[in-house]
Amino acid sequence: MTAHATSPGPAAAPAAVVSAKAVGLDDPVKKDIAMQIVSSAENSSLDWKAQYKYIEDIDDGRGYTAGIIGFCSGTGDMLDLVEYYTDVKPGNVLAKYLPALRKVDGTDSHKGLDPNFTKDWAKAAQDSEFKKAQDHERDRVYFNPAVGQGKADGVGALGQFMYYDAIVMHGDGGDSTSFRNIRKRALSKAKPPAQGGNETTWLNAFLDARVWAMKQEEAHSDTSRVDTAQRVFLKKGNLNLNTPLDWKVYGDSFHIG
């Protein structure tokens, strides 16, 4: 837009065209890109659709981590997922674990889940209804709130992705490292575009707050998913998260053409 700043009158037309072309992260192509980038960090792979069956305890105090965005047995979102799946498909292979999932919520315990929960999770992941259930809960709990807040703040697809990645990792609860409090921390340093701020300045402030939050917990203390990925896109001015994209996470290099 600065290229047209000295040119009165017709300058508005090109700017309007640019705005019309900008799409949000909820555009199907952008959403797929977002899922690939998150998968690069969560699963060291761009093939996010292979992660419906993923499940393991990564020793972060959250019990089992599983599925396309890391639903956890210790944080309630795995319980919500299995409850929703059971509403849609009663008698599914995971339904019998609901009492155990309710008991282990808030802990890292496997009590009532072992020894067959991981096998049954993989079995459930062959069911298209379970995949749809994972998609549904991803959108309801993480993706839609992140994109909605991003649009309200006036940020483009990159900023919306930054919000999404943060809410996937930190949740949106009341603790100091949750998404809403990361955003609140950033607000003490900068303003989002919707409040008259500069988008790049705001997103840098948000990432600074995100890094602070990650460093509060040993399991999240490697901040490369910000430093060598999101910050790289921001420094290049790629506010619409346009391809090609090149980044690194935990030392591994990734490319989307």
Side-chain angles (χ1 to χ4, degrees), residues 24-27 30-43 48 51 54 58 60-62 65-81 84 105-106 133-188 190 192-194 199 202-217 219-227 229-231 233-234 239 241 247 249:
L25 201 67
D26 48 358
D27 171 82
K30 298 289 188 188
K31 188 173 185 177
D32 188 70
I33 289 169
M35 290 302 297
Q36 290 184 65
I37 300 172
V38 168
S39 185
S40 75
E42 298 283 332
N43 305 100
W48 68 269
Q51 310 310 325
Y54 164 77
I58 59 174
D60 64 352
R62 292 172 169 82
T65 296
I68 54 172
I69 51 87
F71 300 98
C72 295
S73 60
T75 62
D77 58 351
M78 182 181 285
L79 171 60
D80 289 346
L81 167 62
Y84 176 75
D105 187 17
Q134 288 196 38
D135 292 346
H136 177 275
E137 288 299 284
R138 170 203 61 201
D139 290 350
R140 181 183 72 84
V141 181
Y142 302 103
F143 190 82
N144 293 345
V147 172
Q149 184 64 65
K151 289 184 175 181
D153 283 344
V155 299
L158 175 60
Q160 292 166 35
F161 172 75
M162 290 176 179
Y163 287 12
Y164 174 53
D165 191 66
I167 203 171
V168 164
M169 175 178 278
H170 303 279
D172 197 24
D175 55 294
S176 64
T177 59
S178 70
F179 167 70
R180 71 183 64 191
N181 284 314
I182 290 172
R183 181 176 170 276
K184 189 181 290 185
R185 190 179 184 89
L187 281 168
S188 71
E199 185 169 1
W202 164 248
L203 293 178
N204 270 311
F206 181 81
L207 290 183
D208 290 344
R210 169 80 190 282
V211 166
W212 173 85
M214 291 173 73
K215 288 183 175 178
Q216 302 311 300
E217 187 177 354
H220 294 154
S221 59
D222 184 327
T223 59
S224 68
R225 67 196 289 161
V226 170
D227 304 334
Q230 296 171 44
R231 196 86 76 172
F233 306 148
L234 185 57
L239 298 174
L241 202 63
W247 73 98
V249 184

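Since we're looking at a predicted model, the values are computed, not measured. Side-chain atoms are counted along with the backbone in the values below, which use heavy atoms only and exclude waters and symmetry mates.
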Looking at side-chain heavy atoms only, is the closest gap between [X] and [Y] below 4.5 Å?
X	Y	value
F161	I33	no
N204	R231	yes
L158	L234	yes
R138	Y164	yes
L207	Q230	yes
Y54	N43	yes
M169	M214	yes
F71	L79	no

Given 3.5 Å as the limit, does a donor-acceptor pair link the side chain of [X] with the main chain of [Y], or not?
X	Y	result
Q216	W212	yes
S178	G173	yes
S40	I37	yes
D165	V38	no
Q160	G150	no
D27	K30	yes

Show the nearest heavy-atom pair for residues [X] and [Y], with the distance to one decimal.
X	Y	value
V141	P145	O-CG, 3.5 Å
C72	R62	CB-O, 3.6 Å
I167	A146	CG2-CB, 4.2 Å
A194	A152	CB-O, 3.1 Å
A209	A186	CB-N, 4.0 Å
G70	D77	O-OD2, 4.1 Å

With the threshold set at 4.0 Å, does a side-chain nitrogen-carboxylate oxygen contact exist between D208 and R185?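 R185 and D208: not salt-bridged.
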Side chain to side chain contact (heavy atoms under 4.5 Å, CB included) between Q149 and F179, intermediate numbers included: CA-CA 11 Å; Q149 184 64 65; F179 167 70; 4.1 Å; yes
To the nearest 0.5 Å, how far apart are [atom1] in [X] and [atom2] in [Y]?
X	Y	atom1	atom2	result
D172	R183	CG	CZ	10.0 Å
M162	R225	CE	CZ	13.0 Å
K215	R210	NZ	CZ	13.0 Å
S73	D105	OG	CG	8.5 Å
Y84	H136	OH	NE2	3.5 Å
W48	I68	CH2	CD1	5.5 Å

List the steps, then state whether salt bridge (charged side-chain N to carboxylate O under 4.0 Å, His left out) holds for K31 with D139. CA-CA 11 Å; K31 188 173 185 177; D139 290 350; 3.0 Å; yes
Report the relative orientation of the aromatic rings in W202 and F206; use parallel for angles under 30°, tilted for 30 to 60°, perpendicular for over 60°.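 Tilted: the ring planes of W202 and F206 meet at 30° to 60°.
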Side chain to side chain contact (heavy atoms under 4.5 Å, CB included) for L203 and V155? Distances and angles first, verdict last. CA-CA 8 Å; L203 293 178; V155 299; 4.1 Å; yes
Looking only at side-chain N and O atoms, does Y163 offer a donor or acceptor that is under 3.5 Å from a partner on D153?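 Yes, Y163 and D153 have a side-chain donor paired with an acceptor closer than 3.5 Å.
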